[in-house]
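Side chains included, hydrogens not; waters and symmetry mates left out as well; all remaining heavy atoms used.
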2 protein chains.
Amino acid sequence: MCLLALIEEEPSYGYEMANKLSEQGLDLVSEGSIYPSLSRMQRSGLIEGYFVEADGPGPPRKYYRIAKNGKQRLKEWKKEWEALSTGVNLVVKGENG
Amino acid sequence: MCLLALIEEEPSYGYEMANKLSEQGLDLVSEGSIYPSLSRMQRSGLIEGYFVEADGPGPPRKYYRIAKNGKQRLKEWKKEWEALSTGVNLVVKGENG
DNA sequence: TCAAAATATCTTGCATACACAGATATCAAA
DNA sequence: TTTGATATCTGTGTATGCAAGATATTTTGA
């Protein structure tokens, strides 16, 4: 979901997304998770990939943009995340019967 | 973490915890996940189990109370959850570089 | 009396996700 | 020409989650 959310804001590539997530404290998400996840999302039609030559050093970057299905899926995922995090917060803060 | 948090508040048993979590909208957590998870936590010393006869129908209930290691672990998990949910919320709300 | 329903736990089988580690490729700078 | 930064991808082991079903006990009601 986070990868999709980043891509929705603006197209990006794996390496850059790993760094962005890491900046937000989500450094548990390593490249070994990100690349397979991006591949899966492309295969299932949530995102579209295209290559862009790097301006600096390094091989071509595989950029991804969000697809129509991806926008829909992201909306659902956000709702699910909302419900999940709300529920978890209620439980860990001890507000339950 | 949610199971531990429930048990810390007051000792409980799997079936009851499943219902409590479900009330908070966490009905993704089915019994097929809860019982193995409780067993693992007992095996690793985070919680302690004991049997209590049911007052209504049904077989004896396996109650769990939190152990010393469990309290410590729960504190860590809460901190991790805090960092994770904060990070995810920043990303899905589009507040990143 | 006997069947059904509610309560409660546990196990097996399957799929999948992920982290870790390492392989690979490209280009710039020293 | 070697090092370092950038960038992607893959293989392996482990953990985990769920669905589904087996099992047990007691109450309720037909």
Report task. Please state how far atom CG in B/N19 lies from atom P in C/dA8, giving the value in whole angstrom units. Result -> 8 Å
Extract from the structure each pairing of a protein N or O with an N or O of nucleotides 23-30 of chain C at less than 3.5 Å, listing the distance.
unit_1: C/dT26; atom_1: O2; unit_2: A/G58; atom_2: N; d: 3.1

Requested in this report: Send over the distance from B/L3 CG to D/dG17 C1', rounded to a whole Å.
Outcome: 13 Å
**Report entry** Main-chain N/O of A/E82 paired with A/T86 side-chain donor or acceptor, under 3.5 Å
**Finding:** yes
Requested in this report: Mind checking B/E31 for me? I need base, sugar-phosphate or nothing, with any heavy atom below 4.0 Å counting as a touch.
Outcome: base
Query raised in the report: Whole Å only: how far is the NZ atom of B/K62 from the C1' atom of C/dT7?
Result: 17 Å
Query raised in the report: How far does CD1 of A/I7 sit from CD1 of A/I47, to the nearest 0.5 angstrom?
Result: 4.5 Å
Query raised in the report: Cluster partners of B/Y13, using ILVMFWY side-chain heavy atoms under 4.5 angstrom, listed by chain and number?
Result: B/Y15, B/Y35, B/Y50, B/V52, B/Y63
Query raised in the report: Has B/R40 got a side-chain N or O lying under 4.0 Å from the OP1 or OP2 atom of D/dT16?
Result: yes
Query raised in the report: Over how many whole Å does the gap from B/R43 atom CZ to D/dT16 atom C1' extend?
Result: 13 Å
Query raised in the report: Roughly how far apart are B/M41 CE and B/M1 CE, rounded to 0.5 Å?
Result: 11.0 Å
Query raised in the report: In whole angstrom, what separates A/Y64's OH from D/dA7's C1'?
Result: 12 Å
Query raised in the report: Taking OH from B/Y50 and C1' from C/dT9, how many angstroms apart are they, rounded to a whole number?
Result: 16 Å
Requested in this report: Could you check how far OH of A/Y15 sits from P of D/dT6, rounded to whole Å?
Outcome: 5 Å
Requested in this report: Return no unless some side-chain N or O of B/R61 is found under 4.0 Å from OP1 or OP2 of D/dT25.
Outcome: no
**Report entry** Whole angstrom value for the distance that separates P of C/dT16 from CE of A/M41
**Finding:** 17 Å
Requested in this report: May I ask you to verify if any side-chain N or O of B/Y13 is less than 4.0 angstrom from the OP1 or OP2 atom of C/dT9?
Outcome: no
Report task. Applying salt bridge (charged side-chain N to carboxylate O under 4.0 Å, His left out) between A/E76 and each of A/R73, A/K79, A/K78, report the one that passes. Result -> A/R73
Query raised in the report: Contact class for B/G32 (heavy atom, under 4.0 Å): base, sugar-phosphate, or nothing?
Result: base
Query raised in the report: About how many Å separate CG of B/L3 and CG of B/L21, when rounded to the nearest 0.5 Å?
Result: 6.0 Å
Query raised in the report: Hey, does the side chain of A/Y35 come within less than 4.0 Å of D/dC9's phosphate (OP1/OP2), counting only N and O?
Result: no
Requested in this report: Report the C-alpha distance between B/K20 and B/E9 in whole Å, list the side-chain angles of each, state the deciding distance to 0.1 Å, and finish with yes or no for side chain to side chain contact (heavy atoms under 4.5 Å, CB included).
Outcome: CA-CA 12 Å; B/K20 282 186 181 177; B/E9 207 184 340; 5.9 Å; no
